[in-house]
Amino acid sequence: MFNWFRQWKRRRTLRDRPILDVDWNATLERVPLVKALSVDEQARLRAMATWFLDEKDFYAAGDLDLTHPMMLTISAQACLPVLDLGYHWLDGWYSIYVYPGHFRTRREYRDQHGIMQSDHRRLAGEAHSAGGIVLSWNDVVDHVAVDDDGDNVIIHEIAHKLDMRNGHADGFPPLRRGMDHGQWSRAMREAYDHLNRGVRRGDPEIDPYAATEPAEFFAVTSEYFFEAPQTLQRVYPEVYRQLHRFYRGNIAA
Ligand SMILES: [Zn+2]
């Protein structure tokens with residue numbers, strides 16, 4: 001779709017299918033993370049959430065009764081990571097499947113002998129490189145009310161989608177113009193190695209799931225960046241600075 005057409009369409013969406021005040025105010029009450037934003041940030045997020053609701057396809061999976069307030073809760077948080085990056089960072093994919101709770105997926109992979117294997121996993125969320133995201137509603141609800149635990153399945157999966165904009169999720173999303181690729185890699189690798197040593201000793205300073213692979217390190221530290229920035233700044237200040245440049249577009253104080 002041409003840019004001018006997309007912009008015209010999005011202006012019309014804001015005019016013809018806005019989020020009503022009563023619905024937006026209820027969303028702010030449900031999501032403290034969004035309520036804590038400035039008035040200007042809330043207004044920009046509201047426009048993005050309007051487009052997200054309008055353009056993405058929500059699917060209820062299992063026996064979930066997916067309501068409008070639930071879709072708003074998801075939309076507002078899904079747009080949070082791109083508030084300063086720009087809404088177009090969420091372009092190119094459409095589907096959001098929401099399960100009532102953890103869901104089972106079958107994973108196909110090649111083992112160390114080169115033989116194809118498969119296993120089943122129970123997940124709270126998943127992002128597909130060729131598609132959208134899958135969420136467990138229970139996990140959305142579990143973490144939405146607590147805005148400083150560094151745990152947010154929606155931000156996690158959106159971070160994977162941003163990471164996938166330049167290929168596989170590998171912890172290296174396309175960086176903003178002016179960002180130094182070497183500095184990003186060094187900050188992430190040193191912190192990732194440090195966390196892995198902490199996990200082996202049994203005292204990781206952030207969620208040890210971040211130590212499983214670089215893509216998870218980026219997704220988990222993104223959760224901390226939005227939900228528990230002080231923790232991330234204290235434990236991995238260089239990672240905090242890089243994420244600040246990436247998500248906010250300027251250098252962290
Ligand atoms: Zn992940």
Side-chain angles (χ1 to χ4, degrees), residues 33 56 59 61 73-75 77-82 85 89-90 92-110 118-144 146-147 149-175 184-185 187-189 191-196 198-199 204-229 231-232 235-236 239-240 242-243 246-247:
L33 204 53
K56 305 297 187 205
Y59 301 96
T73 296
I74 293 169
S75 301
Q77 292 176 90
C79 296
L80 197 56
V82 302
L85 280 168
W89 280 71
L90 297 180
W93 56 275
Y94 297 97
S95 59
I96 296 147
Y97 288 86
V98 190
Y99 282 83
H102 281 188
F103 49 91
R104 279 164 63 91
T105 60
R106 198 173 123 105
R107 181 177 63 129
E108 308 273 346
Y109 64 99
R110 208 173 283 281
S118 70
D119 62 13
H120 288 92
R121 297 186 297 170
R122 292 183 69 79
L123 299 174
E126 193 173 36
H128 296 275
S129 52
I133 59 173
V134 188
L135 299 166
S136 144
W137 179 250
N138 267 349
D139 287 81
V140 171
V141 171
D142 268 1
H143 302 300
V144 72
V146 190
D147 62 345
D149 62 353
D151 223 333
N152 187 305
V153 66
I154 301 174
I155 290 173
H156 183 104
E157 301 310 333
I158 293 294
H160 281 320
K161 289 302 296 178
L162 301 180
D163 192 353
M164 289 167 181
R165 287 185 70 83
N166 57 356
H168 294 297
D170 57 1
F172 207 124
L175 300 182
W184 175 279
S185 299
M188 296 295 169
R189 194 180 51 243
Y192 178 74
D193 291 345
H194 178 272
L195 181 63
N196 270 280
V199 168
E205 292 187 66
I206 62 169
D207 182 352
Y209 188 62
T212 53
E213 53 180 289
E216 298 306 339
F217 187 82
F218 170 63
V220 171
T221 51
S222 293
E223 295 178 68
Y224 277 86
F225 181 78
F226 289 99
E227 284 225 336
T231 304
L232 185 62
V235 180
Y236 294 124
V239 171
Y240 178 83
Q242 292 299 320
L243 292 184
F246 177 67
Y247 284 117

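Remember, it's 1-based here, ligands and their atoms both numbered in the order they're listed.
The aromatic rings of Phe218 and Tyr247 sit parallel to each other, their planes meeting at less than 30°, with 60° as the upper class boundary. Ring planes of Phe246 and Trp89: perpendicular class, angle over 60° (limits at 30 and 60°).
Scanning all heavy atoms of the two residues, the minimum distance from Pro174 to Leu162 falls at CD-O, 3.5 Å.
Under the side-chain hydrogen bond (donor to acceptor under 3.5 Å, both in side chains) criterion, Tyr99 pairs with no residue, sequence neighbours left out. Glu216 is linked by a side-chain hydrogen bond (donor to acceptor under 3.5 Å, both in side chains) to His156, His160, counting only residues two or more places apart in sequence or in another chain.
Protein N/O/S atoms closer than 2.8 Å to the Zn ion (ligand 1): His156 NE2, His160 NE2, Glu216 OE1, Glu216 OE2.
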Per-pair distances, 0.1 Å, donor-acceptor, side chain in residues 125-133, under 3.5 Å, sequence neighbours excluded:
{"from": "Glu126", "atom 1": "OE1", "to": "His128", "atom 2": "NE2", "distance (Å)": "3.4"}

